[in-house]
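Everything on this sheet refers to the single structure shown next.
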Amino acid sequence: MINFFKLIGSIICLLIACIATGQTLIKGTVITGKKQNPLAEVQIQVRGTSISTTTDKSGNYTMEIPSSVSYDITFASPLPASNANAPVLIFSLEGYETQFVVFQGVSKLDVLLPRLNSEVANNVQDPKTATTTIGVLTEAELQQVVSPYLGQNLSAKIAGLQAFSTALAPGQDVALQLRAANTFANGQQPLLLLDDIFLSETSLADINPDDIAYVEVLKGAASAGYYGSRAANGVIRLFSKRGKGLSDGENRITYRTEYGFSRQANQFDLNTLTNRAITNPNGPQPVLGETNSNATYQETLPNLQDYQENTLFRNGAFNTNYLAMEGQSGNTNFFGSAQRMQDQGILQGVEGYTRYAFRLNLDHQFNQKLSFNASSQFSFANQALPEESPNHPQGLLATTLQLTPIYDLNVPNEEDGTAFDWDIDNTGNGITNPLYRRANTAQMVDRNRILGNLTLNYQPTNWFKMSYAALLDRSNHTYEQFLEKGYLSSLRPSGFGEMATFGIDGSKGGGFLRSTQQQQTFVAHGNATVDKRLAKLRIRLGIDGWYEYLGSAFHSIGGENLAVSSIRSLDNIQSNLVATSKQSEAETFSGSLSSEVNYSNKYIFHGTLRIEESSLFGAKELTADYYQAGVAWRVTEDLKIKGVQDLKLRAAIGTAGIRPTFFNNLLIITSSMEW
C-alpha cells in the first residue's frame, strides 16, 4: 500500500513538473511616487494572453510567466536578439500610467508606476479624490476583447455606457450613450475628445483603437459642466500613446497582424406557413392566390428557400496589420503608428470597408520651464453601403425578410433577359427581388480626416503654469450613388425620381448622384493655473479661455436617365440634373474659472463656473452660463474599516448643455439648378 501511494505521489510530481516546464516564477513589488509607496490592486497581465494577477495591499505580487508569447512580437532596446519573442508584462491601475516591461527571465521584478497625468479643467484629478463621477479605462483593459472599431471597443467596459449598432455595413460606428437620455433635439451622443481635440464628427470608426493609451469618462452634468453646452450627454476623453514610460535611449517596435471572421449571431425565424391559397405549387416559382376563407396561416409553403443563408448573410473576413514605433531620448519622447484594416462585413454582395490610419505624437521639454506637445493623425477610408439603410422599408434587410421564401431568385427577367427577375413576388406585396437591387445599385463613401493638437506649456515656478493649445478636426466625405441604366423596378432607391426607371417617358433608366461634405472644428484654448500647497492644504485655481470655430459645407449634384451603362460620371446624365450647396459657420467664445481645495486628501471641494457666447444660441440670447460644484469626504482616511480599502462620500451638482445645432437657428441659403 505504501508503495502504491509513493507511485501516485511520483506521478503527481511528474505532472506538476511537466506543467511547470517553460514557465518562470516571478515576484516583485509595485510602488509609486518619490516615497516609493506600495500600490494595491495593480493589474499585471502577460500581453496577448489571459495570464494575469493583482498586487496585494502591500504592493506585492507573484505569478508564473511563460517562456515565450507569439501573439505580439515586441522588440525593445536594449534587448538581446535571442529574447526577441520575450513576454511583455503590462502593469496598470486606474489613475496611474500603464507600464510595459519586457520580461528577461529574472525572478524578482519591482516596478515604479507614475501617477497618471489625467487633467480635468487642467487640474490633475485622481478618481479617488474627485468630487464627481470619473471613470478611467487603462490600456490593459482596452486590450481585452479588442474590436477593430474604437466605439465597439468601449462597449461593456465603462459602467453606464451603452453602445448601439447603427447599421449592418462594416465601417459604420456605434452610437454611444452615457447613462439615461438627457436631450431630445440634439441626440444622445456624448462629447468626444481625442488628445483634447473636439471631434466634429461623433463617429469613431476611422480612429485606430490600437493607438489609444487610456480613456477618461465624465458622467453627468456635475462632471461634464466644465465643457459647457456641448457636454449635456457627458464627456469621453481619449488619450493616444506617446512613448512615455520608456527608459532613456530605449526604442520599441511593435508589429501585429490579426485575421478573423464576423457573422450574424442569430437569424430570424423562417416563415413556413401562408394564409393564401396555393394556386400553383409546382416549378421554381410557385404561385399564391387570394387569402383563404378563414384568413389563417395554416397552408404549408412549397419550395421553401432560406434567403438569410443563401442571399443575405455570410461569414465576413477581416484583417488588420499594425506597425508602431515609440521611443524616448533625453527630453524627447515620440510615438508613431500605421494601420491597414479591411472588413468584409456580414452582408453578401457588399464590398466592405477599408481603413488606413497614420499617427505621429511628439513631446519635447526645452528646459525646466518650457515644453511642447504635438499630436497628429491622418486617416482615409473607403466604405461600401447597402442601397438603403437597414431600417428602410426598401432596404436590403427589409425586402429579403419580407419576401415570401418560396422563389428561386436567380431566374432572369422576362422583359430583357437580364439576371434576377425584379418583379418575382406574385403575392401582391410588390417587393423587388433583393438580388436585382444588389446587382444594379451601388453606394460608396470615401472619407479622409486630419486631427491635430499643438500645445505650448510654460511653468515659471512649481506652483504656476500656463498653456496654449491649437486643436483641429477636419474631415471630407465624398458620397456616390449609382443606379444602372435600364433599371426596371418602379421602387427606386432614395434620391432618384421617375426618370431613373426604364421606359418612363422614354427614359433609358439609371442615375448617378455625387455629394461632398466638409466639416471642420478649430479650437484655441488658453489656460493659467495656480497650484499651491500650505502644509496639508492644497489650493488650485484655474482660468481658461476658448475660441471655437465650426464650419460645414455640403455640395451635391446628380440626375437620371443615363446615356451609357456602367459609367459612373456626371457626363453620363441626360435628365433632371440638380445641383445643391449648403454652407454654415458658427463661432463660440467661452471662459471659465475653476477652483479646488483639498485638505490632506480627506476633505475635497471643487467648483467651476463657465460662460459661453455663441451665434448658435440665437440673436436674443447670445450667452449661457454653466456651473459645477462638489464636495467629498474620504471616510477610510479617518476611519479604518475592515475589508474596505477606499470609501468615499460625495455630493455634486452642476449644469451642462444644450447647444442648438446649425439647422435649429441659422438661416441656410440653398442654391439649386435644374435643367
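In this text the structure is predicted, and so the values were computed from the model without any measurement.
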| said: Which label fits Phe378 and Phe380: parallel for a plane angle under 30°, tilted from 30 to 60°, or perpendicular past 60°? | reply: tilted
CD (Gln628) and OG1 (Thr608) are apart, to the nearest 0.5 Å, by 3.5 Å
With Glu326 as partner, the option from Arg252, Arg242, Lys244 fulfilling side-chain contact (heavy atoms from CB on, under 4.5 Å) is Arg252
Worksheet entry | Charged N-O contact under 4.0 Å between Asp195 and Lys241 | no
Within the 4.5 Å heavy-atom criterion, are Arg533 and Asn462 side-chain neighbours or not?
no
Check for a donor-acceptor pair, side chain of Ser371 on one end and backbone N or O of His364 on the other, with a separation under 3.5 Å. no
Quick one, Tyr603 with Phe605, criterion ring-ring contact (aromatic ring centres under 6.0 Å, His included). Give me CA distance, side-chain angles, the key distance, then yes/no.
CA-CA 7 Å; Tyr603 315 105; Phe605 165 81; over 10 Å; no
Smallest heavy-atom separation, Ser92 atom then Leu113 atom, equals C-CD2, 4.5 Å
Point to revise | Residues, nucleotides or ligands: over 12 heavy atoms within 6.0 Å of Lys108 NZ | key: yes
So CD1 of Ile212 and CD1 of Ile207: to nearest 0.5 Å the spacing works out to 6.5 Å
**Asked** Does Ser329 reach the side chain of Phe334, with side-chain heavy atoms less than 4.5 Å apart?
**Response** no
**pair Ile236-Leu193: side-chain heavy atoms closer than 4.5 Å** = no
side-chain contact (heavy atoms from CB on, under 4.5 Å) test vs Thr455 passes for just one of Asp363, Asp196, Asn373, namely Asn373
Minimal heavy-atom distance between Gln43 and Thr54, with the atoms involved, is CA-CG2, 4.1 Å
Residue pair Gln377 / Leu194, side-chain heavy-atom distance below 4.5 Å
yes
Smallest heavy-atom separation, Asn601 atom then Asn598 atom, equals N-OD1, 2.8 Å
Original post:
Ignoring hydrogens and geometry, is there a side-chain-to-backbone donor-acceptor pair from Arg355 to Ala205 under 3.5 Å?
Top reply: yes
query = Does the side chain of Thr521 pick up a donor-acceptor pair with the side chain of Asp473 at under 3.5 Å?
reply = no
(request) Give a yes or no answer on whether the side chain of Thr636 reaches the backbone of Leu639 with a donor-acceptor pair at less than 3.5 Å. (result) no
Problem - Met63, CE atom: more than 12 neighbouring heavy atoms under 6.0 Å - result: yes
Note to self: With heavy-atom distances below 4.5 Å as the criterion, would you say the side chains of Val111 and Ile31 are in contact?
What the structure shows: no
Residues Leu112 and Thr32: closest non-hydrogen pair is CD1-CA, 3.6 Å
* **Test item: Thr55 side-chain N/O and Glu41 main-chain N/O as donor-acceptor pair under 3.5 Å** => yes
Test log, rule side-chain contact (heavy atoms from CB on, under 4.5 Å), inputs Asn457 and Gln459: CA-CA 7 Å; Asn457 306 290; Gln459 188 168 356; over 6 Å; no
Test item: Val46 and Ile65 side chains (from C-beta on) under 4.5 Å apart, heavy atoms: yes
- Item | Quiz item: cation-pi between Arg540 and Trp463, 6.0 Å / 45° | no
- Checking Gln344 side chain against Ala317 main chain: does a donor-acceptor pair fall under 3.5 Å? yes
Heavy-atom side-chain contact between Leu204 and Leu176 under 4.5 Å: yes
The reported gap from CG in Leu541 to OG in Ser594 (rounded to nearest 0.5 angstrom) is 7.5 Å
Would you check if the side chain of Ser107 reaches a backbone N or O of Ile26 as a donor-acceptor pair within less than 3.5 Å?
no
Under a 4.0 Å threshold between the charged nitrogen and the carboxylate oxygen, would Glu637 count as salt-bridged to Lys602? no
*Could you walk me through whether Tyr61 and Phe91 pass the side-chain contact (heavy atoms from CB on, under 4.5 Å) test, one step at a time?*
CA-CA 11 Å; Tyr61 71 94; Phe91 294 78; 3.9 Å; yes
Distance col, row Asp211:CG vs Phe358:CZ, nearest 0.5 angstrom, shows 11.5 Å
Worksheet item: Which is it for Arg230 and Phe198 under the side-chain contact (heavy atoms from CB on, under 4.5 Å) test, yes or no, and what are the steps along the way?
Response: CA-CA 10 Å; Arg230 297 186 64 176; Phe198 287 66; 3.6 Å; yes
Between Asn453 and Ala469, the two heavy atoms sitting closest are OD1-CB, 4.2 Å
What one should report as the nearest heavy-atom pair of Ser58 and Thr29 is O-CG2, 4.0 Å
Check your understanding: How are the rings of Tyr353 and Tyr149 set relative to one another: parallel (under 30°), tilted (30 to 60°) or perpendicular (over 60°)?
Key -> tilted
Does atom OH of Tyr599 have more than 12 heavy-atom neighbours from other groups under 6.0 Å away? no
* SB check Arg256 Asp210 (cutoff 4.0 Å) -> yes
Requested in this report: Kindly determine whether Lys369 and Tyr458 satisfy side-chain contact (heavy atoms from CB on, under 4.5 Å), including the steps that lead there.
Outcome: CA-CA 5 Å; Lys369 298 180 180 180; Tyr458 178 64; 3.9 Å; yes
CG of Asn448 to OG of Ser379, rounded to nearest 0.5 Å, is 7.5 Å
### Task
State, with a plain yes or no, whether a side-chain heavy atom of Leu109 is found less than 4.5 Å away from one of Leu89.
yes
Sub-3.5 Å donor-acceptor pair from the side chain of Asn319 to the main-chain atoms of Glu258, do we have one?
yes
Distance col, row Met466:CE vs Leu370:CG, nearest 0.5 angstrom, shows 10.0 Å
